[in-house]
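So the structure is just underneath, and the comments pick up after that.
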Amino acid sequence: MGRKTFAVAALVAVTALTATACTGAAAPKRQSAAAATDPGSVDGTITVLTHRTDLVQNGTMKKYAAEFNKIYPKVTVKFEAITDYEGEVKIRMNTENYGDVLMIPNAIARKDYPSFFASLGSTAELSEKYRFTGNTDVAGKAYGLATVGNANGFVYNKAVWKKAGVTSWPTSPQEFLAGLKAVKAKTGAVPYYTNFKDQWPLTAGTAGIGSVSCDAQANDKLATSAAPWAEGGDLNVIDTLLYDTVHEKLSEKDPTTTNWETSKGLIARGEIATMQLGSWAISQMQAAAETAGKNPDDIGFMPFPAQKDGKFCAILSSDYQQAVSIHSEHKAAARAWIDWFTEKSGFAQNEGSIPTARSGALPATLKPFEDNGVTLLERSEAKSAQVNAIDNAAEIGLGKPDYRQKLVDMARGVQSGSLKDYFADLDKRWSEAEKKAAGS
């Protein structure tokens with residue numbers, strides 16, 4: 001599987017499933033999944049639905065299950081890997097047959113979680129132990145735990161940037177553009193790669209909301225903002241940087257020919273220098289470097305080029321959330337799997353991701369962030385439902401690639417219009433939708 005879900009899950013504009021999907025189904029006897037106190041008493045066969053087809057196919061998940069069985073010997077774990085995870089699971093959730101453990105599909109509105117998933121306990125209590133619990137909170141109860149978290153930023157080839165004479169992270173958009181120009185002039189590499197054709201990488205900009213302002217509540221504040229693209233705001237800075245990069249011909253010549261899988265080898269070999277992606281991508285690029293016979297240590301990760309009070313900030317956001325089906329006949333076993341996978345499997349470290357457990361150490365891939373004092377902020381999702389509703393009504397699609405594809409096309413001159421007018425239009429649509437939402 002080439003990509004992961006990263007940071008924009010809460011902003012994907014899709015039709016929400018509702019509690020009516022369960023109409024007519026027999027109500028489960030227990031609607032909560034308490035943590036196990038005696039591993040030896042937990043038994044049953046559970047099915048875990050996952051989007052990580054790669055880890056099932058190469059046997060990695062089977063190895064995790066074997067380790068899990070050392071603690072829970074009476075539980076049998078089966079995996080069902082689904083390529084079109086969102087599409088297929090959304091349909092299956094109209095029935096009671098959607099596994100015992102599953103990644104919560106983006107199509108499910110948070111208010112409907114209690115109709116589909118068993119409560120894992122008090123959000124307040126779980127938040128002391130785990131990151132991102134607010135993402136699945138409904139009336140004070142949490143209904144899922146994140147598999148991992150990710151930081152926003154840019155994957156880059158350090159050797160290429162060094163050859164261009166840039167050895168320190170750019171602290172402003174202007175310094176970042178100057179660095180890209182140096183790469184173009186001195187190395188022959190493509191300074192920046194948009195991954196335009198595969199579309200989804202363009203949504204990485206949305207994952208950075210809050211990194212410019214150094215505000216963990218920046219995304220929530222969109223719920224009451226009349227002008228998210230106003231000068232100096234996170235979206236204005238993020239999208240202006242993308243526009244300027246393309247407009248000044250610092251990206252690939254023809255973005256319609258980009259290829260995600262190919263891009264891994266290109267950055268590994270130093271043929272391209274920079275891509276905006278979540279921190280999950282670092283390990284994939286390093287693996288591509290090894291495959292290409294290059295030094296994986298050449299692959300680095302830099303924060304968004306903006307500082308507040310002399311400090312970089314990076315927003316942490318969750319990947320898919322694991323939940324227990326409310327229809328599971330083995331809730332204790334399902335909960336045991338989630339707890340073990342979150343705390344003891346080492347999955348986050350193996351994936352180069354942020355551990356959900358607060359006690360977990362940052363992955364080695366993010367040690368430069370730690371060493372350089374980058375402030376890591378856990379993104380608040382307290383008002384994500386309101387933000388999503390406004391976004392849908394405005395028909396912008398913060399979690400979709402379309403509006404940034406138009407931005408790129410304007411920047412390269414294949415669509416007419418100025419950046420100022422485009423931002424004004426986006427603000428107008430957002431403001432109108434926000435006013436209607438506030439009055440409803």
Side-chain angles (χ1 to χ4, degrees), residues 2-3 6-8 11-14 152 154-156 173-174 176-181 183-184 189-209 212 222 227-231 233-264 266-267 271-278 281 304-305 390-433:
R3 64 157 294 184
F6 56 100
V8 298
L11 293 167
V12 178
V14 288
N152 75 291
F154 292 82
V155 179
Y156 72 112
Q174 293 73 28
F176 184 81
L177 290 170
L180 295 182
K181 290 175 182 177
V183 168
K184 183 176 182 178
V190 175
Y192 184 86
Y193 199 74
T194 65
N195 266 306
F196 180 97
K197 187 179 179 182
D198 282 88
Q199 301 185 338
W200 61 263
L202 291 171
T203 64
T206 297
I209 295 174
V212 177
L222 294 177
W229 282 269
E231 188 172 353
D234 282 81
L235 280 167
N236 178 288
V237 175
I238 290 166
D239 289 339
T240 297
L241 181 57
L242 175 61
Y243 179 93
D244 288 345
T245 297
V246 176
H247 187 67
E248 296 187 31
K249 302 187 187 309
L250 299 171
S251 57
E252 69 280 349
K253 289 183 179 179
D254 184 359
T256 65
T257 63
T258 63
N259 181 281
W260 163 246
E261 291 298 333
T262 301
S263 74
K264 298 178 190 180
L266 292 174
I267 195 168
E271 295 175 44
I272 59 177
T274 324
M275 293 189 281
Q276 187 173 21
L277 294 165
F304 189 88
I390 295 169
D391 187 40
N392 291 340
E395 297 184 345
I396 292 173
L398 286 175
K400 292 183 174 181
D402 306 67
Y403 98 85
R404 285 200 181 92
Q405 280 198 311
K406 181 176 180 179
L407 189 77
V408 170
D409 281 341
M410 289 169 54
R412 66 193 186 99
V414 298
Q415 278 205 42
S416 61
S418 70
L419 183 63
K420 182 179 179 180
D421 289 344
Y422 188 44
F423 283 166
D425 178 62
L426 292 173
D427 276 337
K428 180 174 181 292
R429 288 154 60 187
W430 189 274
S431 178
E432 291 174 351

Requested in this report: Determine the minimum heavy-atom distance between Asp239 and Leu407, stating which atoms define it.
Outcome: O-CD2, 3.4 Å
Query raised in the report: Got a donor-acceptor contact below 3.5 angstrom from the Thr194 side chain to the Pro255 backbone?
Result: no
Report task. Check for a donor-acceptor pair, side chain of Asn195 on one end and backbone N or O of Pro201 on the other, with a separation under 3.5 Å. Result -> no
Requested in this report: Could you check Lys400 against Thr203 for side chain to side chain contact (heavy atoms under 4.5 Å, CB included), going step by step and ending with a plain yes or no?
Outcome: CA-CA 6 Å; Lys400 292 183 174 181; Thr203 64; 5.5 Å; no
**Report entry** Asp409 (side chain) donor-acceptor with Gln415 (main chain) under 3.5 angstrom
**Finding:** no
Report task. Answer yes or no: is there a donor N or O on one side and an acceptor on the other, between the side chain of Lys428 and the main chain of Phe423, under 3.5 Å? Result -> no
Query raised in the report: Can you say whether the rings of Tyr422 and Tyr403 are parallel (under 30°), tilted (30 to 60°) or perpendicular (over 60°)?
Result: tilted
Query raised in the report: Is the side chain of Thr258 donor-acceptor paired with the backbone N or O of Phe196 at a distance under 3.5 Å, no angle test?
Result: yes
Requested in this report: Could you check if a side-chain atom of Lys184 sits within less than 4.5 angstrom of a side-chain atom of Lys249, using non-hydrogen atoms only?
Outcome: yes
Query raised in the report: Can you tell me if Asp234 uses its side chain to pair, donor with acceptor, with the backbone of Val212 under 3.5 Å?
Result: yes
Query - Glu395, CD: over 12 other non-hydrogen atoms inside 6.0 angstrom - result: no
Requested in this report: Might you point out which heavy atoms bring Ala273 and Pro191 nearest each other, and give the distance in Å?
Outcome: CB-O, 3.4 Å
Query - Euclidean distance, Glu252 CD relative to Lys197 NZ, rounded to 0.5 Å - result: 12.0 Å
Query raised in the report: Which heavy atom in Leu419 sits nearest to a heavy atom in Met410, and how many Å separate them?
Result: N-CE, 4.0 Å
Report task. Decide yes or no for Gln276 and Phe304: does some side-chain heavy atom of the first lie under 4.5 Å from some side-chain heavy atom of the second? Result -> yes
Query - Donor-acceptor under 3.5 Å (Asp198 side chain, Trp200 main chain) - result: no
Report summary line: Separation between NE2 (His247) and CG (Leu177), nearest 0.5 Å, reads 11.5 Å
Requested in this report: Using a strict cut-off of less than 4.0 Å between a Lys/Arg side-chain nitrogen and an Asp/Glu carboxylate oxygen, indicate whether Arg429 and Asp425 qualify as a salt bridge.
Outcome: yes
Report task. Would you name the heavy atoms of Pro401 and Gln199 that are closest together and state the gap between them? Result -> CB-O, 3.3 Å
Requested in this report: Taking all non-hydrogen atoms of both residues into account, name the closest pair between Pro173 and Val237 and its distance.
Outcome: CG-CG1, 4.0 Å
Report summary line: Paired with Val190, the side-chain contact (heavy atoms from CB on, under 4.5 Å) test is passed by just one of Val183, Ile272, Leu266, namely Ile272
Report task. Determine yes or no for a side-chain-to-main-chain donor-acceptor pair under 3.5 angstrom, with Trp430 supplying the side chain and Leu222 the backbone. Result -> yes
Query raised in the report: Ignoring hydrogens and geometry, is there a side-chain-to-backbone donor-acceptor pair from Ser251 to Tyr192 under 3.5 Å?
Result: no
Query - Leu398, Asp427, Leu426 screened by side-chain contact (heavy atoms from CB on, under 4.5 Å) with Leu235, the one that passes - result: Leu398
Requested in this report: Fit a plane to each ring of Phe176 and Phe154, take the angle between them on a 0 to 90° scale, and name the class: parallel (under 30°), tilted (30 to 60°) or perpendicular (over 60°).
Outcome: tilted
Query raised in the report: Under 3.5 Å, is there a donor-acceptor pair between the side chain of Tyr243 and the main chain of Ile238?
Result: no
Requested in this report: Please report the shortest heavy-atom distance between Leu180 and Thr245, naming the atom on each side.
Outcome: CD1-CG2, 3.7 Å
